[in-house]
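Here the structure is laid out as structure tokens; the discussion comes afterwards.
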2 protein chains.
Amino acid sequence: MEKPAKGEQTRALIVDTALRLFREHGYDRTTMRAIAKEAGVSVGNAYYYFPSKEHLVQGFYDQMAEAHRQASAALFDADADFTSRLTAVLLVWLDISAPYHEFAVQFFKNAIDPNSPLSPFSTESGTARETAISIHRRLLEGVKVDPKLREELPELLWLFQMGVVLYWVHDKSEGQRNTRTLITRSTPLIGKLLAMSRVPGLRSVTREAVQLFRDIGLSRLG
Amino acid sequence: MEKPAKGEQTRALIVDTALRLFREHGYDRTTMRAIAKEAGVSVGNAYYYFPSKEHLVQGFYDQMAEAHRQASAALFDADADFTSRLTAVLLVWLDISAPYHEFAVQFFKNAIDPNSPLSPFSTESGTARETAISIHRRLLEGVKVDPKLREELPELLWLFQMGVVLYWVHDKSEGQRNTRTLITRSTPLIGKLLAMSRVPGLRSVTREAVQLFRDIGLSRLG
DNA sequence: ATCGCCTCTTGAACATGTTCAAAAACTGGG
DNA sequence: CCCAGTTTTTGAACATGTTCAAGAGGCGAT
């Protein structure tokens with residue numbers, strides 16, 4: 001009962017086939033029957049390993065998060081300022097995700113469903129989420145900011161990133177150039193606000209916002 | 001070909017029955033067959049009037065928006081300040097929506113789908129959206145604010161409201177008290193930021209944000 | 001009244017995610 | 001090698017949103 005490599009092999013075969021078909025034909029147009037047939041197994045077999053069609057996408061999440069982490073790591077060598085770093089991280093994400101835009105739109109509705117395992121807040125998405133947040137933690141190294149804010153900032157930035165994703169999914173402009181605009185022009189604003197977050201007048205507002213963020217558990221909704 | 005009252009009657013019968021069953025048993029557990037049977041028509045007949053099950057919920061949207069408009073109108077008599085007004089408007093929305101929380105969660109995934117007619121940005125949701133935005137326009141009457149910002153503010157507030165809805169749908173706390181907290185404590189922050197939006201330092205940030213908001217058409221995504 | 005046309009209605013058929021009881025394949029102990 | 005138990009596999013059956021060809025009903029013109 002330890003590691004029947006057989007099972008793992010079938011599992012991998014199924015998820016790999018599924019992800020390939022998703023990429024080739026989109027999420028909705030890929031039926032469970034097609035996946036099973038292409039993988040050379042029965043439909044029931046797929047359901048033996050994955051509770052639902054949605055669960056097959058979880059692997060995709062993890063792959064993307066890992067790809068983003070690796071691509072981002074290369075950006076932190078230069079000692080650029082916060083705004084440049086954040087911009088770079090988000091643009092890299094955009095480049096990585098661009099090929100999957102149509103695909104993403106199709107299963108996005110499942111991802112935003114609070115009860116779905118695909119929700120970015122769900123426990124199933126835990127590892128992908130942690131990976132994403134850790135990117136922002138690294139991004140913040142060496143950045144001067146109100147310490148009260150610093151602790152929550154990685155999660156707040158991740159939340160902002162989720163907002164960008166939300167916009168991206170709705171973005172119908174050619175090549176999602178509007179999302180690119182959103183990123184390149186919103187990050188300087190965030191940078192300025194961050195810089196101002198320490199001056200009196202704004203500081204109290206900032207701290208109240210951070211406290212609210214903690215109290216309502218915005219970071220652990222699922 | 002003017003007004004065959006017959007058709008309108010059947011249409012109303014179907015949508016009324018559907019909304020009742022949705023309320024009683026939830027969206028997912030209410031099948032098209034059940035709706036048809038309860039209304040005393042055939043399944044195909046329901047599809048003659050409504051292109052999909054989702055379209056049946058549109059009536060629910062409009063009802064809610066109208067109820068919110070009426071309830072909000074009563075709040076604007078007293079010459080309260082901006083923060084109080086915004087808080088009141090959002091809390092009233094929360095009270096109106098509370099009974100439908102479970103129901104709303106079930107079809108929320110469809111509502112957030114960019115391709116769904118239920119998306120708050122879709123043309124089909126146009127009237128409900130206009131109603132909601134007009135509430136915020138009324139709310140802003142007499143409030144002093146940077147004129148550059150004033151024009152976009154109703155839509156920005158509506159967008160904020162959509163954010164609250166997004167949180168509300170994910171809110172699993174007893175009676176959605178976390179959403180209540182979010183509203184009562186975030187609105188003062190918005191009020192303060194609005195007040196500060198005219199002082200130098202923040203004004204430039206504000207204007208850039210407004211310009212960005214216009215350029216990427218955040219208000220007309222669908 | 002009859003015909004032509006449009007609106008409305010029907011229910012069987014279809015597509016697809018999911019379930020499940022049964023069978024097959026495998027594994028370790030004797 | 002054989003048996004009992006576990007893991008894996010199968011495919012038919014089910015549930016439900018959706019489609020569609022066929023028919024029913026009504027209405028004005030002739």
Side-chain angles (χ1 to χ4, degrees), chain A residues 1-19 21-22 24-60 103 106-111 113 115-118, chain B residues 1-19 21-22 24-58 60 103 106-111 113 115-118 124:
Chain A
M1 98 193 198
E2 259 311 297
K3 276 213 168 183
K6 184 68 180 310
E8 288 308 310
Q9 214 169 318
T10 310
R11 165 187 285 270
L13 172 65
I14 290 170
V15 75
D16 288 347
T17 307
L19 291 184
L21 292 184
F22 286 160
E24 287 176 10
H25 308 120
Y27 181 74
D28 286 343
R29 268 172 303 174
T30 303
T31 71
M32 291 301 285
R33 285 167 182 78
I35 295 171
K37 187 168 195 176
E38 184 77 9
V41 300
S42 67
V43 226
N45 201 205
Y47 277 93
Y48 178 76
Y49 290 102
F50 301 92
S52 78
K53 187 180 176 184
E54 293 182 18
H55 279 80
L56 282 167
V57 189
Q58 201 69 55
F60 175 76
F103 168 36
Q106 289 191 310
F107 69 80
F108 179 71
K109 58 161 162 285
N110 303 311
D113 179 358
N115 300 104
S116 167
L118 289 184
Chain B
M1 95 191 202
E2 260 310 297
K3 278 212 166 183
K6 185 69 180 308
E8 288 308 311
Q9 214 169 321
T10 310
R11 166 187 283 270
L13 172 65
I14 291 171
V15 75
D16 288 348
T17 307
L19 291 184
L21 292 184
F22 287 160
E24 287 176 10
H25 309 121
Y27 180 73
D28 287 343
R29 269 172 302 174
T30 303
T31 72
M32 290 301 285
R33 286 168 181 77
I35 295 171
K37 187 167 194 176
E38 184 76 10
V41 300
S42 68
V43 226
N45 202 355
Y47 278 93
Y48 178 76
Y49 290 103
F50 301 93
S52 79
K53 187 181 177 185
E54 293 183 16
H55 279 79
L56 281 167
V57 189
Q58 202 68 55
F60 176 74
F103 168 36
Q106 287 192 312
F107 69 80
F108 178 70
K109 59 160 162 288
N110 302 311
D113 178 358
N115 300 105
S116 166
L118 289 185
E124 284 91 338

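First the proteins, then the strands, lettered A, B, ... as listed; each starts at 1.
- B/Tyr49 comes within contact range of the sugar-phosphate backbone alone, with a heavy-atom separation under 4.0 Å but no base atom that close.
- D/dG17 atom P lies 13 Å from atom CZ of B/Arg29, rounded to whole Å.
- Between the CZ atom of B/Arg33 and the P atom of C/dA12 there is a distance of 11 Å, given to the nearest Å.
- Look at A/Thr10 and you'll find a side-chain N or O under 4.0 angstrom from OP1 or OP2 of D/dT9.
- Here A/Thr31 does not reach the OP1 or OP2 of C/dA15: none of its side-chain N or O atoms lies under 4.0 Å away.
- Between B/Glu124 and B/Gln58, the shortest heavy-atom distance links the atoms O-NE2, 3.5 Å.
- For the pair B/Arg11 and B/Phe50, the cation-pi test (distance below 6.0 Å, angle within 45°) is passed.
- Between A/Leu56 atom CG and C/dG17 atom P there is a gap of 11 Å when expressed in whole angstrom units.
- C/dT9 atom C1' lies 15 Å from atom CD of B/Gln9, rounded to whole Å.
- B/Asn45 has a side-chain polar atom (N or O) that falls below the 4.0 Å cut-off from OP1 or OP2 of C/dT10.
- Computed from coordinates, the A/Lys53 NZ to C/dA15 C1' distance equals 11 Å when rounded to whole Å.
- In this pair, A/Phe103 and A/Phe60 present their aromatic rings perpendicular. The plane angle is above 60°, beyond the 30 to 60° band.
- Side-chain N or O atoms of A/Lys53 include one that pairs as donor or acceptor with a backbone N or O of A/Thr30 at under 3.5 Å.
- Residue-to-nucleotide proximity on DNA chain C shows that, of A/Asp28 and A/Gly44, the 5′-proximal contact is made by A/Asp28.
- The shortest distance between the side-chain N/O atoms of A/Tyr48 and the OP1/OP2 oxygens of D/dT9 is not below 4.0 Å.
- Atom P of nucleotide D/dG17 and atom CG of B/Leu21 are separated by 12 Å, given to the nearest angstrom.
- Atoms CG (B/Leu13) and P (C/dC8) sit 14 Å apart, rounded to a whole Å.
- With rounding to whole Å, B/Lys37 atom NZ is found 16 Å from C/dT10 atom C1'.
- Distance CG/A/Leu13 to CD1/A/Ile35: 11.5 Å, rounded to 0.5 Å.
- In terms of phosphate contacts, A/Tyr47 brings a side-chain nitrogen or oxygen within less than 4.0 Å of OP1 or OP2 of C/dT18.
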